[in-house]
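See below for the structure under consideration.
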Amino acid sequence: MKKNKQINIKQTLGLARAFHFLYSCGKSCLFPFLTLYFRQLGLTPEMTGIVMGTKHLISLVWRPLGTLLVKMYNKRRVVLHGSLVCSAMVALVVLLVPPIDLQVHNTCNESDLISASPPTEWPPKVTMAPFPQSTVNFSLAVVTNSDNQTTANSTAEPKNNTLVFFNSTSVRKKRSQIKLNTEKNDKENPQDFLSSLKMMDVQHQLFFLILITVSLWELVAAPLEWTADDGLYDYLDFADASDHYSSPGSSPIIGAAIGVAASGLLVSQLNCFIVGRISRSAVHFICYAGVFTLALPIAAFLPLYLNKQRGMANKLIKAMQLVHGCRRATLCAFTAILVGVARSTVDNFLLWEMQDHHSNELHMGFSLSLASLSQGAFPLVAIRLTRLLGSGRLLTLGAAALGLQCLYYSFLWGSWAVLPIQILSSFSCGAFWWAVKAQSDDIATPGTERSIGRIYNALSFDLGGALGSFAGGFAVRWFGLVWLFRGVAAALILWCACLPLLQWKAPHQYRINYSRLLAADGSEASDSESEQERDWLDKALEDDSCINNTNARGLKH
């Protein structure tokens, strides 16, 4: 790039906000409803947790590594376009994965749930999609119980017309027979690896297809956000205007709120099947691909710049050392992991709980949109709360608010019952991340602010999300959705009770933020200078008086 080229700061910031708006809007059209789609396909809770946990682990490792490689080889523009196109294509490929073909009336509307008649045979026979001859057919049951009582082998607390998987003894016998047959076939023909896949039951075939597709999806989508952020930040830093791009602002929050509400409203107005046997949930994938396609022209004009003098790996390592070297920052990191565990359980299984209480996509979309908007409204009261409570107590307040939300989720009673508690997201998410940012500013040295923020984001969304997904899936399998949310709430509230004591024991270390000093107002600078002058004058007078007293004593002697 030529140094004499004029840079339009307002146009650059406008393109950045538009890109982040479309990117967040596209993600919110699909990802909040992704686990609900896996449930419709026939995946069990532990399978869903494994898929989502693997997705978070890939993001934890590949996002910083991929961004570093992109910067080293100067391929930001190529990766930005390729990631948008490939993400949209892989999302549509997920629709090609065949679901378990259930010959049970699919009740997806609230009216269908009310008017659905109980099955004549209990449990009804269910056949699978056409797979090879050695496939095992699972038995499914539609639980129709007026008292909403759970059966002994159910995966959760089922409500009316809830599909429940049963591990009957006949299925176990068939599994053992299949294992013996596969061992015999492997001994006879050890090179025939495909025969072992044919012996796999339909549900596990579906699980591995989804796992491979989602892993490929995350590989192509993970470096997208960091690549765009680094390119824009370096471009503005080249013009000495990087302070204007400290954060994308409110455009991602507004985009997420509009995307989840619009997609939920659109899907709720459709029939259960839009074309043939294609479920209406496929509209979420189509909206995701469409919004990402709209972001391509903006990505083409998005200004990017490669600053080869800065090493992102060195900054991340230095940021990790700063976080590890401060006890309060370490406590904040552990709290971020625990909050990430709780957020992943809410993101993965809240819609399952709402669906069990007869909520459709309209209720789900508006409840999630209200949570995003309330989170974006927290900066209006953030400064006053920070002055009143401080960053440490604000961090505790955010984690405790999330625990109260999880406790409320375990007591839902209707389709719209989740709406009132979503307003508390202003504190559970907004206050928590405001406190994390304040902690990052306290320990940051010049040039490491963004790296420290990324470390906290990775610890919460990726590491905590992976742990929460793995543990949450098995917890739903063993204890049910209700006790999952209650257990998460108990863990968060217990940690919030211990966190103030741990913060009191940890020393509070401050570092001088030179960027704040340079950006300070003239009034603040004059006040600080006057205080420094008074301090210097008082110290000089004290020293002078001490010298005079010493001389006087010497003359007396």
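Side chain to side chain, T44 and Q203 fail the donor-acceptor criterion of an N or O pair below 3.5 Å. W483 and S410 share no donor-acceptor pair across their side chains, judged by distance under 3.5 Å alone. Donor-acceptor pairing under 3.5 Å is lacking for the side chains of Q375 and S425. N348 and S469 share a side-chain donor-acceptor pair at under 3.5 Å.
Applying side-chain contact (heavy atoms from CB on, under 4.5 Å) to F207 and the options L43, I212, L41 leaves one that passes, L43.
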| Going through the distances and angles, do S215 and T54 end up as a side chain to side chain contact (heavy atoms under 4.5 Å, CB included)? | CA-CA 7 Å; S215 300; T54 305; 3.8 Å; yes
| request: In sequence, state the C-alpha distance, the side-chain angles, and the governing distance for W433 and F461, and then conclude on ring pair (Phe, Tyr, Trp, His ring centres under 6.0 Å). | output: CA-CA 12 Å; W433 287 111; F461 290 109; 5.3 Å; yes
| request: Applying side chain to side chain donor-acceptor pair (under 3.5 Å), run through Q405 and S428 and close with a yes or a no. | output: CA-CA 8 Å; Q405 276 187 303; S428 62; 2.8 Å; yes
| Trace of the salt bridge (Lys or Arg N to Asp or Glu O under 4.0 Å) decision for D229 with R450 | CA-CA 10 Å; D229 284 339; R450 298 174 68 247; 5.4 Å; no
| request: Would you sort out whether R280 and E361 count as a salt bridge (Lys or Arg N to Asp or Glu O under 4.0 Å), showing the intermediate values? | output: CA-CA 10 Å; R280 66 180 185 180; E361 284 80 0; 3.1 Å; yes
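A cation-pi contact, defined as under 6.0 Å to the ring centre and within 45° of the axis, links R486 to F411.
Note that CD1 of I254 is 10.5 Å distant from OG of S369, once rounded to the nearest 0.5 Å. Distance CD1/I337 to CG/L459: 5.0 Å, rounded to 0.5 Å. Expressed to the nearest 0.5 Å, how far CD of E218 lies from CZ of R63 amounts to 6.5 Å. To the nearest 0.5 Å, atoms CG (L338) and CG (L402) are separated by 8.5 Å. A distance of 7.5 Å separates CD1 of I50 from CE of M47, quoted to the nearest 0.5 Å. Between the NE2 atom in H20 and the CD1 atom in I253 there is a gap of 12.5 Å [rounded to 0.5 Å].
Classified by interplanar angle (parallel below 30°, tilted 30° to 60°, perpendicular above 60°), the ring pair F474/W478 is tilted. Taking the six-membered ring where the residue is Trp, F366 and W416 present tilted rings, their angle falling between 30° and 60°.
D462 and R454 are not joined by a salt bridge, as no carboxylate oxygen comes within less than 4.0 angstrom of a charged side-chain nitrogen.
T335 pairs by the side-chain contact (heavy atoms from CB on, under 4.5 Å) definition with V339, L395, A399, F432, W495, L499, not counting sequence neighbours.
A ring-centre distance under 6.0 Å is not found for F485 and W352. Ring pair F31/W217: centre-to-centre distance below 6.0 Å.
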